[in-house]
There are 2 protein chains.
Amino acid sequence: MATIRDVAREAGVSIATVSRVFNQSALVRPETCENVREVAARLDYWPNGAARSLITSRTLALGVVLPDLHGEFFSEVIRGIDLAARRERFQILLSSSHADADALNSAVRALRGRIDGLLVLSPDAGSARVVESIASSLPVVLIHSGPDTLACATLAIANHDGALAMTRHLVALGHRRIAMLCGPAGNVDAEERLRGYRAALTEAGLMQDAALELAGDFSEECGAACVPDLLAIEPRPTAIFCANDAMAIGMVTALRDTGVRVPEEMAVTGFDDIAIGRYLTPQLTTVRADAYELGERAVGMLLPHAQARQPVPAERVSVPTRLIVRASCGAALVPTSDAAQPRRHRPLAAAARREEDGREAAGRDRGRVS
Amino acid sequence: MATIRDVAREAGVSIATVSRVFNQSALVRPETCENVREVAARLDYWPNGAARSLITSRTLALGVVLPDLHGEFFSEVIRGIDLAARRERFQILLSSSHADADALNSAVRALRGRIDGLLVLSPDAGSARVVESIASSLPVVLIHSGPDTLACATLAIANHDGALAMTRHLVALGHRRIAMLCGPAGNVDAEERLRGYRAALTEAGLMQDAALELAGDFSEECGAACVPDLLAIEPRPTAIFCANDAMAIGMVTALRDTGVRVPEEMAVTGFDDIAIGRYLTPQLTTVRADAYELGERAVGMLLPHAQARQPVPAERVSVPTRLIVRASCGAALVPTSDAAQPRRHRPLAAAARREEDGREAAGRDRGRVS
DNA sequence: TTGTAAGCGTTATCAG
DNA sequence: CTGATAACGCTTACAA
């Protein structure tokens with residue numbers, strides 16, 4: 001692999017001149033520049049990124065740490081991150097599957113010197129603390145939806161508001177026995193959704209009933225598996241709000257297999273608005289958390305500070321959610337509802353994200369904390 | 001940010017000793033080691049990756065260049081790559097959205113010195129040539145399904161065989177007028193699928209008819225948009241094989257809206273086996289190209305050579321496909337078919353990939369070239 | 001067991 | 001405009 005020295009020697013100039021040519025420095029005579037470029041091309045020379053970033057202490061790279069690359073939600077987040085970073089000529093150093101805070105910690109450390117800024121997607125509280133401790137030495141944005149005020153820049157999904165809006169919607173459709181299929185314990189998104197559900201029940205004057213809250217783990221399998229438990233609740237609920245779409249999909253499929261009609265006998269709703277929901281029969285009513293936008297905005301928060309090599313101010317920004325009313329909640333059965341939708345063709349993802357119907361969720365909070 | 005020198009000074013040792021501590025070198029006295037670690041922790045020191053890789057010329061990172069991060073197929077490939085790389089403690093430097101060969105070229109150059117090896121997903125022939133030219137100076141594996149023999153390690157999807165198997169299947173179901181919705185021009189995957197389709201028709205003694213080949217672009221929108229063209233073909237086809245699932249999904253939806261029954265009046269099949277196909281009504285018959293496995297195997301091909309800093313031998317490996325028979329082809333209507341499947345619950349992705357029914361496609365080619 | 005010193009391939013700061 | 005030369009933060013002979 002040719003180095004700057006090889007090019008300099010071959011072109012009969014100093015390494016400084018070669019460096020200038022590759023840094024668009026205007027102080028090089030056109031002929032010299034031309035000559036250097038020619039030699040460089042011939043020798044297949046390209047500046048070494050590691051050496052460059054060692055001296056400039058700029059890497060033009062952003063680290064992204066997330067618990068899992070699995071599922072449509074995360075992959076959309078990554079896509080948003082990548083595209084936003086690319087616009088500013090930044091690259092993405094990916095680091096997924098960090099189960100616990102320790103793993104996260106060492107993953108982050110391994111990125112030292114290779115990145116100008118860091119994005120962490122953390123669904124648990126422990127990891128959030130680790131990130132807090134890094135924030136002073138590296139520009140960091142945390143994508144984390146816990147209710148707690150953290151001493152670092154945080155981008156949160158408005159889980160509570162989304163769940164609130166969804167549950168209100170079910171109440172408005174006349175449901176009085178509304179169950180919830182919860183997400184994994186310790187997952188802050190799941191916890192916030194549960195809080196929103198409870199708040200809506202309280203608001204509607206409905207009794208809180210622990211029997212209505214089923215344990216889940218965000219997997220489709222579990223959505224299917226808990227159907228017997230759901231049907232065994234006395235008196236039987238008429239609606240269930242699942243903490244994510246994957247579980248809702250498993251549940252709809254299993255309910256159908258059991259012979260329970262959705263939404264007539266059991267309204268089922270989800271959270272996330274993954275693409276499959278639109279192809280389910282009946283189409284899934286859900287809450288959209290725009291994953292692409294989440295990634296995009298996280299980069300927007302991080303990048304200016306990464307470029308300036310300054311800590312990101314501790315601020316909490318909330319990404320609003322939208323209630324997406326389709327058929328699985330039974331809204332189409334209620335003649336007065338304005339939420340029923342004509343069945344028309346929908347593109348798979350990108351375009352759909354932008355133009356989809358559905359109403360704004362109650363809360364468009366975008367507050368500052370700390 | 002603390003450097004190795006700060007730690008050395010504070011701990012009262014030389015920088016070499018600090019370095020040894022962080023490189024598991026056994027030649028450090030336990031007490032010294034302990035002391036250094038303590039100081040390092042206090043100063044929040046961690047070795048700088050750029051400096052480290054400058055001297056060792058090892059980065060423990062793999063570059064991944066792909067045309068687009070969009071869609072389930074690519075995101076699954078990435079997941080396969082990430083997990084396989086992680087096992088060997090390698091990180092992933094992502095670089096997506098490279099429309100043309102030039103963009104690819106500069107993207108790759110920007111990675112010089114930051115990666116030990118490169119994975120390129122290229123659906124067009126021009127990019128493949130660029131990669132060929134890099135292969136001598138950097139370990140590279142190209143994920144590319146063109147029929148051409150390239151002077152670099154190539155991992156290909158058995159598109160031709162998959163399409164052949166699908167078309168044979170339609171022929172076996174009794175169809176004689178089988179249309180094809182093609183992919184974008186210049187896309188080698190699309191072209192290979194078209195070749196496979198034609199080969200099967202010829203084999204079955206059916207006439208080649210240009211009118212049966214509709215132009216498409218892999219988008220769901222186009223699958224929907226070309227329905228009028230499909231229905232206008234005289235005599236009307238009884239089956240259509242779409243070059244990917246997204247188009248097939250758009251088409252099924254649009255056909256239903258038009259009042260054409262699928263599969264009774266028009267059998268529709270796809271290629272890729274994306275998750276949504278399983279939730280479509282009727283469920284989509286398709287060809288599985290295991291994206292996760294593709295990524296995983298690409299890393300398997302690349303990593304040993306990346307670690308040894310040696311070129312990857314020019315070899316062509318083909319990843320077999322499988323025919324996945326569901327309802328949209330009408331197989332369930334044919335009593336004698338053994339391909340009809342009971343409707344049972346299917347997990348969303350990971351687990352499903354492993355256990356799914358369906359028969360092996362004809363060709364399990366895994367050949368060497370050059 | 002530890003220290004000294006020579007790079008790794010750049011960019012940046014000076015002189016010329 | 002161009003050329004020496006000193007960093008950047010680290011690993012690794014070689015010496016002690």
Side-chain angles (χ1 to χ4, degrees), chain A residues 1-37 39-40 43-61 109-116 137-138 307 309, chain B residues 1-37 39-40 43-61 109-116 137-138 307 309:
Chain A
M1 182 100 323
T3 78
I4 199 172
R5 240 171 286 270
D6 301 320
V7 178
R9 190 182 333 106
E10 189 80 3
V13 296
S14 74
I15 59 166
T17 299
V18 178
S19 175
R20 286 188 191 103
V21 169
F22 277 86
N23 289 287
Q24 328 277 23
S25 169
L27 323 114
V28 185
R29 224 181 28 186
E31 303 107 84
T32 317
C33 183
E34 184 84 358
N35 179 34
V36 168
R37 284 201 185 283
V39 172
L43 266 49
D44 194 28
Y45 165 78
W46 207 262
N48 180 300
R52 205 174 224 181
S53 65
L54 179 56
I55 185 107
T56 58
S57 58
R58 263 170 212 290
T59 61
L60 291 179
R109 296 228 176 294
L111 294 170
R112 280 271 167 99
R114 319 188 93 97
I115 55 173
D116 294 335
S137 58
L138 184 74
Q307 287 171 322
R309 287 202 282 277
Chain B
M1 184 99 322
T3 77
I4 198 172
R5 241 171 284 271
D6 300 321
V7 177
R9 190 181 334 104
E10 189 80 4
V13 297
S14 74
I15 60 167
T17 300
V18 178
S19 173
R20 287 188 189 103
V21 169
F22 277 87
N23 288 288
Q24 330 275 24
S25 169
L27 322 114
V28 185
R29 223 181 29 185
E31 304 107 85
T32 316
C33 184
E34 184 85 358
N35 179 33
V36 168
R37 284 199 184 284
V39 172
L43 266 45
D44 194 27
Y45 166 78
W46 207 263
N48 179 301
R52 204 175 225 180
S53 64
L54 179 57
I55 186 118
T56 58
S57 57
R58 263 170 211 290
T59 61
L60 291 180
R109 297 232 176 293
L111 294 171
R112 280 272 166 98
R114 320 189 91 99
I115 55 173
D116 294 335
S137 58
L138 184 74
Q307 287 170 321
R309 287 202 283 277

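Within every chain, numbering begins at 1; the chains are lettered A, B, ... in the order of the sequence lines, protein sequences first and strands thereafter.
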Report the distance from atom CH2 of B:W46 to atom CZ of A:R109, rounding to the nearest 0.5 Å. 6.0 Å
How many whole angstroms separate atom CZ of B:R29 from atom C1' of C:dG3? 14 Å
To the nearest angstrom, how far is A:L60 atom CG from C:dT11 atom C1'? 14 Å
What does B:T32 touch in the nucleic acid at a heavy-atom separation under 4.0 angstrom: a base, only the sugar-phosphate, or nothing? sugar-phosphate
Does B:R309 use its side chain to pair, donor to acceptor, with the backbone of B:S57 at less than 3.5 Å? yes
Mind calculating the distance between CG (B:D44) and C1' (D:dG9) to the nearest angstrom? 16 Å
Integer-rounded Å distance: C:dT2 P and B:E34 CD: 13 Å
When you measure from the centre of the six-membered ring of A:F22, is the NZ or CZ of A:R37 under 6.0 Å away and within 45° of the axis? yes
Close N or O pairs between protein and nucleotides 10-12 of chain D (under 3.5 Å):
{"from": "D:dC10", "atom 1": "OP1", "to": "B:Y45", "atom 2": "OH", "distance (Å)": "2.8"}
{"from": "D:dC10", "atom 1": "OP1", "to": "B:N48", "atom 2": "N", "distance (Å)": "3.0"}
{"from": "D:dC10", "atom 1": "OP2", "to": "B:I4", "atom 2": "N", "distance (Å)": "2.3"}
{"from": "D:dT11", "atom 1": "OP1", "to": "B:N23", "atom 2": "ND2", "distance (Å)": "3.3"}
{"from": "D:dT11", "atom 1": "OP1", "to": "B:R52", "atom 2": "NE", "distance (Å)": "2.6"}
{"from": "D:dT11", "atom 1": "OP1", "to": "B:R52", "atom 2": "NH2", "distance (Å)": "3.2"}
{"from": "D:dT11", "atom 1": "OP2", "to": "B:S19", "atom 2": "OG", "distance (Å)": "2.8"}

Could you walk me through whether B:N35 and B:R29 pass the side chain to side chain contact (heavy atoms under 4.5 Å, CB included) check? CA-CA 10 Å; B:N35 179 33; B:R29 223 181 29 185; over 6 Å; no
From CA spacing to verdict: side chain to side chain contact (heavy atoms under 4.5 Å, CB included), B:I115, B:L138: CA-CA 9 Å; B:I115 55 173; B:L138 184 74; 4.0 Å; yes
Inter-axis angle, terminal five-pair segments of the helix from C:dT1-D:dA16 to C:dG16-D:dC1 [nearest 10°]: 40°
Side chains of residues 5-15 of chain B: which donor-acceptor pairs under 3.5 Å do they make with residues two or more places apart or in other chains?
{"from": "B:D6", "atom 1": "OD1", "to": "B:R9", "atom 2": "NH2", "distance (Å)": "3.2"}
{"from": "B:D6", "atom 1": "OD2", "to": "B:T3", "atom 2": "N", "distance (Å)": "2.8"}
{"from": "B:E10", "atom 1": "OE2", "to": "B:R42", "atom 2": "NH1", "distance (Å)": "3.2"}
{"from": "B:S14", "atom 1": "OG", "to": "B:A16", "atom 2": "N", "distance (Å)": "3.4"}
{"from": "B:S14", "atom 1": "OG", "to": "B:T17", "atom 2": "N", "distance (Å)": "3.4"}
{"from": "B:S14", "atom 1": "OG", "to": "B:T17", "atom 2": "OG1", "distance (Å)": "3.4"}

Main chain of A:Q307, side chain of A:R58: is a donor-acceptor contact present, judged purely on distance under 3.5 Å? yes
Intermediate values then yes/no, side chain to side chain contact (heavy atoms under 4.5 Å, CB included), B:R114 and A:T59: CA-CA 10 Å; B:R114 320 189 91 99; A:T59 61; 3.4 Å; yes
Hey, is the side chain of A:T17 poking within less than 4.0 Å of OP1 or OP2 on D:dG3, counting only N and O atoms? yes
Rounded to whole Å, the CG-C1' distance (B:D6 to D:dC8) equals 13 Å
B:L54 CG - C:dA6 P separation (whole Å): 17 Å
Do B:N23 and B:R52 pass the side chain to side chain contact (heavy atoms under 4.5 Å, CB included) test, and can you show the C-alpha distance, the side-chain angles, and the key distance before you say yes or no? CA-CA 11 Å; B:N23 288 288; B:R52 204 175 225 180; 3.5 Å; yes
